[in-house]
Structure formats: C-alpha cells, structure tokens
Amino acid sequence: MNIDQELGQKLKAGVKKNEPMSRHTSWQVGGPADYFLCPADLSELVEIVRFSDKHDLPLYILGNGTNLLVLDGGIRGLVVNIGPAFSYVTREGNRLAAGAGTPMTYLARSAVEQGLIGLEFAVGIPGSLGGAVIMNAGSFGGYIGERVSSVKLISPVAEVITVEKNELSFSYRTSNLPGKGIVVEVVLDLKEGDCAESLKLMGYFLSERKRRHPELPSAGSVFRNMPDQPAGKIIEEIGCKGMRIGGAKVSCKHANFIVNTGHATAADILSLIEAVRQKVRAEYQLELQPEVRIVGEES
C-alpha cells in the first residue's frame with residue numbers, strides 16, 4: 001500500500017496531492033503541497049501525526065493561511081489544514097473553550113454574544129485562533145496571550161496534552177508554544193461586562209482596520225514593529241510606499257503591508273521584503289525583522 005492509499009483510508013476527506021498553496025494563503029501565492037490533508041476530528045489529526053512519524057514525513061500545520069508566505073516551489077511532506085472541523089466556541093462559566101480553527105473575528109463576536117468581554121481587540125484580526133496564540137497576535141493594545149488559561153495540544157509523539165497558564169509565556173509576537181505540538185483547543189479567561197459598549201468598540205476597530213489597511217491580497221503586517229516606533233512609519237519615511245517588484249507592491253495605504261496586485265509570485269514578494277529591509281538598513285542602520293512566516297522551497 002502506498003502513502004496515498006494508506007492516508008486515504010485514515011481520512012474521511014481523503015488526500016489532495018500537489019495542491020497549490022496559492023488557494024490556501026491570503027497572499028494568494030505559493031507552490032504545491034505534496035499532500036494536503038483536512039482532518040475531520042481530533043482522532044484523525046492524531047493519526048496524521050503518527051503517520052508522519054512512521055514514514056519520516058515533514059508535517060506542516062496550516063490555519064487560515066494568513067501571516068504566511070509559501071515559496072513558489074511549494075511544501076514537501078504533509079500540509080495539515082486545521083480548518084472548520086476545529087472551529088467551535090463553548091462557554092464554561094466566564095471562560096470560553098475554542099477550537100484552534102476558530103476565526104478570530106468569529107471568536108470575538110461569539111464572546112460578546114455570550115455576555116463576555118475582553119476579546120474586542122480580536123475582531124478583524126485575520127487568521128484563526130491556533131496560529132494567533134502561537135504568535136501572540138494582537139491589535140489596538142490587546143494581545144490574545146493575556147486571555148489564555150490553557151492550551152490543548154497534540155504532542156510530537158501523538159499524545160493529547162494540556163499546557164496550563166503557569167507553563168505558558170507570551171511576549172511581543174511570540175510564545176513558548178512552538179515545538180510543543182499542534183494546538184487544537186484554547187481556553188480563554190474573560191469576564192462579564194457591558195456588551196453594548198463592546199459592540200461599539202468592535203465597530204470602531206473594524207472601521208479603523210478598513211481605513212488603514214489595503215484591500216488587495218496581503219498577509220497583514222510584514223515586519224515587526226521596533227520598540228520605539230512602528231515599522232510602517234520607518235518604511236514610509238524612506239519613501240518605500242508604492243515600491244514594487246513584479247506583481248508585489250508596498251501598499252500606498254499602509255507601508256507595512258505588501259500587496260499582490262494580481263499576478264505576484266512568492267519570489268516577487270520575497271524580493272520586495274529584502275529590498276525594503278536593505279533600504280531601511282542603509283538609511284537607519286536598523287534591521288527590520290519579518291513578522292510573516294516564510295516556508296517551503298524556492299522554485
């Protein structure tokens with residue numbers, strides 16, 4: 001039995017071979033994944049982890065494909081989409097247990113609908129909860145790590161484990177979760193409050209995002225902010241707005257966004273990222289650090 005057949009027997013949705021990652025990333029670029037898998041539940045995901053170990057196949061976990069640049073040569077091994085099967089929110093007192101595939105905007109709205117406040121900042125954040133927790137996503141002064149009570153994971157040896165709050169650490173755009181396993185569920189500490197005010201606040205956050213952020217395909221902020229000033233301000237000051245390579249362009253609306261104007265390749269975007277870094281280095285002797293993850297192989 002070959003890999004396709006063995007995997008196909010384990011997964012209700014089957015297996016997609018040579019699946020273009022451009023279909024699954026917000027930048028709409030990226031070469032093929034050798035195998036693209038959509039587990040239907042926790043048990044299927046555990047089976048995938050065991051399978052990857054048995055066959056010594058690389059395993060890459062994909063959420064909503066935001067904050068991600070997949071190179072044009074694609075991704076070798078298994079790409080596992082933590083998608084709709086892991087999208088849910090349940091209330092436990094003043095806590096919410098949410099699946100790793102839950103979109104952040106849905107999570108924020110669900111909290112308010114259930115009379116809980118503390119996630120208003122998350123409305124409009126692209127991507128899903130699992131990736132957001134790993135990178136401690138935040139906006140408008142709030143960070144998801146501040147709300148996390150515990151995280152359920154599938155460990156690298158395919159065991160389902162729970163990491164409690166006292167074992168977790170979060171800082172700007174990072175956490176100590178990478179390497180611990182695949183995030184499958186997060187419990188969040190919230191509190192009851194004035195949900196009418198929360199709805200107003202979320203409306204303001206969404207309008208500000210619409211005002212500030214470009215509409216063309218992007219991956220959100222490309223670079224981490226510096227301790228004393230936003231990366232976008234630095235990039236704008238050296239005249240990089242509108243700078244382009246191939247189909248990739250530094251947004252004229254927000255300089256920390258690179259947009260796909262229609263026919264960009266990952267190579268275009270990667271070259272533009274490096275060109276902006278070089279200009280900032282030459283002008284200010286500063287090293288901008290990418291916030292987006294760059295994965296896969298160049299063609």
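Everything numeric here is computed off the predicted structure, so don't read it as measured data.
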Handout entry: Greater than 12 external heavy atoms within 6.0 Å of Gln278's CD
Key = yes

Handout entry: Minimum side-chain heavy-atom gap Lys210-Leu206 below 4.5 Å
Key = no

Handout entry: Expected output: side-chain Asp53 to main-chain Arg50 donor-acceptor under 3.5 Å
Key = no

Practice task
Decide side chain to side chain contact (heavy atoms under 4.5 Å, CB included) for Asn256 and Val222; before the verdict, give the C-alpha distance in whole Å, the side-chain angles of both, and the deciding distance to 0.1 Å.
Solution key: CA-CA 6 Å; Asn256 200 15; Val222 173; 4.0 Å; yes

Problem - Step-by-step side chain to side chain contact (heavy atoms under 4.5 Å, CB included) determination, Ile117 to Asp194 - result: CA-CA 8 Å; Ile117 64 171; Asp194 186 347; over 6 Å; no

Exercise for the section: Determine whether Phe223 and Ile234 make a side-chain contact, defined as any pair of heavy atoms from C-beta on separated by less than 4.5 Å. Expected result: no

Exercise for the section: Look up atom CG in Leu201 and atom CG in Leu199, then write down how far apart they are to the nearest 0.5 Å. Expected result: 9.5 Å

Handout entry: Exam field: side chain Asn260 to backbone Pro217, donor-acceptor pair closer than 3.5 Å
Key = no

Practice task
Starting at CG of Leu270, measure out to CD1 of Ile258 and round the result to the nearest 0.5 Å.
Solution key: 9.5 Å

Problem - NZ/NE/NH1/NH2 to OD/OE distance under 4.0 Å, Asp189 and Arg95 - result: yes

Handout entry: Heavy-atom side-chain contact between Pro39 and Phe86 under 4.5 Å
Key = yes

Exercise for the section: Could you tell me whether a side-chain N or O of Tyr106 sits under 3.5 Å from a main-chain N or O of Val89, the two making a donor and an acceptor? Expected result: no

Exercise for the section: Mark yes when over 12 heavy atoms from residues, nucleotides or ligands other than His55 sit less than 6.0 Å from its NE2; otherwise mark no. Expected result: yes

Problem - Spacing of CG belonging to Leu177 relative to OG belonging to Ser169, to within rounding of 0.5 Å - result: 8.0 Å

Practice task
In plain terms, say whether Lys10 and Glu44 are close enough for a salt bridge, that is, a side-chain N and a carboxylate O under 4.0 Å apart.
Solution key: no

Problem - Side-chain heavy-atom pair Val79, His24 within 4.5 angstrom cut-off - result: no

Practice task
State yes or no: do Leu57 and Val15 share one hydrophobic cluster built from I, L, V, M, F, W and Y residues joined by side-chain heavy-atom distances below 4.5 Å, directly or via other members?
Solution key: yes

Completion exercise
Taking every heavy atom of Leu286 against every heavy atom of Met226, the minimum-distance pair comes out as CD2-CE, 3.9 Å

Completion exercise
When rounded to the nearest 0.5 Å, the distance separating CD of Gln28 from CZ of Arg23 is 12.5 Å

Problem - Test item: Asn225 side-chain N/O and Ala231 main-chain N/O as donor-acceptor pair under 3.5 Å - result: yes

Problem - Same apolar cluster (I L V M F W Y, side chains within < 4.5 Å links), Val276/Ile238 - result: yes

Practice task
Starting at CD1 of Ile154, measure out to CD of Glu47 and round the result to the nearest 0.5 Å.
Solution key: 10.5 Å

Problem - pair Val80-Ile82: side-chain heavy atoms closer than 4.5 Å - result: yes

Exercise for the section: Taking all non-hydrogen atoms of both residues into account, name the closest pair between Lys249 and Thr261 and its distance. Expected result: CB-CG2, 3.8 Å

Practice task
Would you confirm whether Lys165, through its side chain, and Ser149, through its main-chain N or O, come within 3.5 Å as a donor-acceptor pair?
Solution key: no

Problem - Note, Met202 side chain near Thr105 side chain (heavy atom, < 4.5 Å) - result: no

Problem - Pair Lys17-Tyr35, side chain to side chain contact (heavy atoms under 4.5 Å, CB included): steps then yes or no - result: CA-CA 5 Å; Lys17 288 188 68 177; Tyr35 299 95; 3.9 Å; yes

Completion exercise
Closest non-hydrogen contact found for Ser26 with Ser218 is OG-O, 2.7 Å

Handout entry: Cluster link Val186 to Phe121, ILVMFWY, side chain under 4.5 Å
Key = yes

Problem - Note: Lys200-Glu197 ion pair, threshold 4.0 Å (strictly below) - result: yes

Problem - Crowding at CG, Asn166 (>12 non-hydrogen neighbours, <6.0 Å) - result: yes

Handout entry: Atom of Val46, atom of Ala158 and distance for their closest heavy-atom approach
Key = CG1-O, 3.8 Å

Problem - Verdict with reasoning, Arg281 to Glu274, per salt bridge (charged side-chain N to carboxylate O under 4.0 Å, His left out) - result: CA-CA 10 Å; Arg281 189 182 302 125; Glu274 188 52 37; 3.7 Å; yes

Fill in the blank from the handout: Looking only at heavy atoms, the pair that brings Glu167 and Asn176 closest together is O-ND2, 2.9 Å

Handout entry: Validation row: Ile144, Phe170 side chains within 4.5 angstrom (heavy atoms)
Key = no

Exercise for the section: For Asp34, enumerate each residue passing the salt bridge (Lys or Arg N to Asp or Glu O under 4.0 Å) test, keeping only those at least two apart in sequence or located in another chain. Expected result: Arg76

Practice task
Tell me, with the steps shown, if Leu188 and Val148 meet side chain to side chain contact (heavy atoms under 4.5 Å, CB included).
Solution key: CA-CA 5 Å; Leu188 301 156; Val148 175; 4.0 Å; yes

Practice task
For Tyr204, look at atom OH and say whether over 12 heavy atoms of other residues, nucleotides or ligands are found less than 6.0 Å away.
Solution key: no

Exercise for the section: State plainly whether one hydrophobic cluster holds both Val292 and Val280, where clusters connect Ile, Leu, Val, Met, Phe, Trp and Tyr through side-chain heavy atoms under 4.5 angstrom apart. Expected result: yes

Exercise for the section: Please check if any side-chain donor atom of Asp41 sits under 3.5 Å from a side-chain acceptor atom of Ser43, or the reverse. Expected result: yes

Handout entry: Same apolar cluster (I L V M F W Y, side chains within < 4.5 Å links), Val160/Val163
Key = no

Handout entry: Plane angle bin for Phe140 and Phe205 - parallel if under 30°, tilted between 30 and 60°, otherwise perpendicular
Key = parallel

Handout entry: Charged N-O contact under 4.0 Å between Glu237 and Lys279
Key = no

Handout entry: Main-chain N/O of His213 paired to Lys253 side chain as donor or acceptor, under 3.5 Å
Key = yes

Fill in the blank from the handout: Which of Leu62, Val295, Leu69, Leu71 passes side-chain contact (heavy atoms from CB on, under 4.5 Å) with Met21? Answer is Leu62

Completion exercise
Looking only at heavy atoms, the pair that brings Val70 and Ala266 closest together is O-CB, 3.3 Å

Handout entry: Crowding at CD, Glu92 (>12 non-hydrogen neighbours, <6.0 Å)
Key = yes

Exercise for the section: Using a 4.5 Å cut-off on heavy atoms from C-beta on, say whether the side chain of Leu68 contacts that of Trp27. Expected result: no

Exercise for the section: State whether Arg212 and Glu208 are salt-bridged, where the test is any N-O pair (Lys NZ or Arg NE/NH1/NH2 against Asp/Glu carboxylate O) under 4.0 Å. Expected result: yes

Problem - Step-by-step salt bridge (charged side-chain N to carboxylate O under 4.0 Å, His left out) determination, Glu192 to Arg91 - result: CA-CA 12 Å; Glu192 293 182 341; Arg91 182 172 178 175; 3.1 Å; yes

Going by atom type alone, with no hydrogens or angles, which donor-acceptor pairs under 3.5 Å involve a side-chain atom of residues 128-137 and a protein atom two or more places apart or on another chain?
unit_1	atom_1	unit_2	atom_2	d
Asn136	OD1	Gly145	N	2.8
Asn136	ND2	Ser171	O	2.9

Problem - side chain to side chain donor-acceptor pair (under 3.5 Å) against Tyr88, all qualifying residues, sequence neighbours excluded - result: Glu185

Exercise for the section: Give, for atom CG of Leu119 and atom CD1 of Ile125, the distance between the pair rounded to the nearest 0.5 Å. Expected result: 9.5 Å

Exercise for the section: State whether the side chain of Glu120 and the backbone N or O of Gly118 hold a donor-acceptor pair below 3.5 Å, judged by distance alone. Expected result: yes

